[in-house]
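All values below were derived from every heavy atom in this structure, side-chain atoms included, with hydrogens, water molecules and symmetry-related copies excluded.
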Amino acid sequence: MKSDITIPEVENVFLAAVQEWSDDFMEKVWYVYLINDSDFQLDGVMVVSKAFGTVDGEMKKTSLLRHAFQQVLAVSAVKIEMIESSILRLNNEFMVTYFIGDTLYDKKFIFRAQTITPDYVEEVPILFVDGVVVK
């Protein structure tokens, strides 16, 4: 019975953390984007994020944040959320679920603790700016 279930592989959909100026905070902050570098529109997109890890020997975790997008067009990007600077030392996990046609896709993306820094940036496809990419 398990052999009848096919789990489709997520391709050309990934996350990127990009540093941008914030007038609210009067400094550069990190924003996470969902990048759709595929030829297909994503429908019914749900993103659930949380951060967790050990700080000074104590386990820390944040509450869950949920984001919904009715659709993400092919070859486009949408801003998901800002990551507050104190959370950068934790693992930041994003569970992304969406439909392409009638097929459901989902994937867990994790920015490991201390990896959202200028040391790990590369050019982000679609946005053409420097950022930290997880695939």
### Query
Does T62 use its side chain to pair, donor to acceptor, with the backbone of A51 at less than 3.5 Å?
yes
### Query
Mind checking whether F25 and I87 sit in one hydrophobic cluster, side chains of I, L, V, M, F, W, Y counted as touching below 4.5 Å?
yes
### ILVMFWY network linking Y105 to V78, side-chain heavy atoms under 4.5 angstrom
yes
### Check against side-chain contact (heavy atoms from CB on, under 4.5 Å), T97 and L104
CA-CA 7 Å; T97 306; L104 177 69; 3.4 Å; yes
### Message
Taking V13 as the starting point, is it possible to reach V75 by hopping between hydrophobic residues whose side chains are less than 4.5 Å apart?
### Response
yes
### Query
Are Y33 and V18 side-chain neighbours, meaning at least one heavy-atom pair lies under 4.5 Å?
yes
### Query
What's the verdict on side-chain contact (heavy atoms from CB on, under 4.5 Å) for I80 and L15, showing C-alpha distance, side-chain angles and the deciding distance?
CA-CA 9 Å; I80 299 173; L15 297 182; 3.7 Å; yes
### Query
Which atom pair, heavy atoms only, marks the closest approach of A74 to S38?
CB-O, 3.4 Å
### Criterion side-chain contact (heavy atoms from CB on, under 4.5 Å) on L88 and W30, from CA distance to verdict
CA-CA 9 Å; L88 296 175; W30 290 94; 3.7 Å; yes
### Query
With a 4.5 Å heavy-atom cut-off, do V96 and K107 have their side chains touching?
no
### Message
Which heavy atom of T103 sits nearest to which heavy atom of P8, and what is that distance?
### Response
CG2-CG, 3.6 Å
#### Entry: From NZ (K50) to CG (L90), nearest 0.5 Å
12.0 Å
### Message
If hydrophobic clusters are built from ILVMFWY residues whose side chains come within less than 4.5 Å, do Y98 and M95 share one?
### Response
no
### Query
Would a distance-only check, ignoring hydrogens and angles, find a side-chain to backbone donor-acceptor pair under 3.5 Å from N36 to L34?
no
### Task
Assess whether atom CD of E122 is packed by more than 12 heavy atoms of other residues, nucleotides or ligands within 6.0 Å.
yes
#### Entry: V10-I35 co-clustered via ILVMFWY side chain contacts under 4.5 Å
yes
### Task
Output the distance between atom CE (M46) and atom CZ (R66), rounded to the nearest 0.5 Å.
7.5 Å
## Note on the structure
In short, T117 meets V121 closest at the heavy-atom pair O-CG1, 3.7 Å
#### Entry: Within 45° cone of F52 ring axis and under 6.0 Å: K61 NZ or CZ
no
#### Entry: Trace of the side-chain contact (heavy atoms from CB on, under 4.5 Å) decision for L42 with F69
CA-CA 9 Å; L42 311 181; F69 305 96; over 6 Å; no
### Query
Can you tell me how far CG of N92 sits from CD of E84, rounded to the nearest 0.5 angstrom?
10.5 Å
### Criterion side chain to side chain contact (heavy atoms under 4.5 Å, CB included) against V29, the qualifying member of E20, M82, Q19
M82
### Message
Less than 4.5 Å apart, side chain to side chain, heavy atoms only: is that true for H67 and F94?
### Response
no
#### Entry: Closest non-hydrogen atom pair, F111 against A16
CZ-C, 4.0 Å
#### Entry: Sidechain-backbone polar pair: N91 side chain, G53 backbone, donor-acceptor under 3.5 Å
no
### Query
Got a second to check how far Y31's OH is from L127's CG, nearest 0.5 Å?
14.0 Å
#### Entry: Atom pair CD1/OG of I110 and S49 - distance to nearest 0.5 Å
12.5 Å
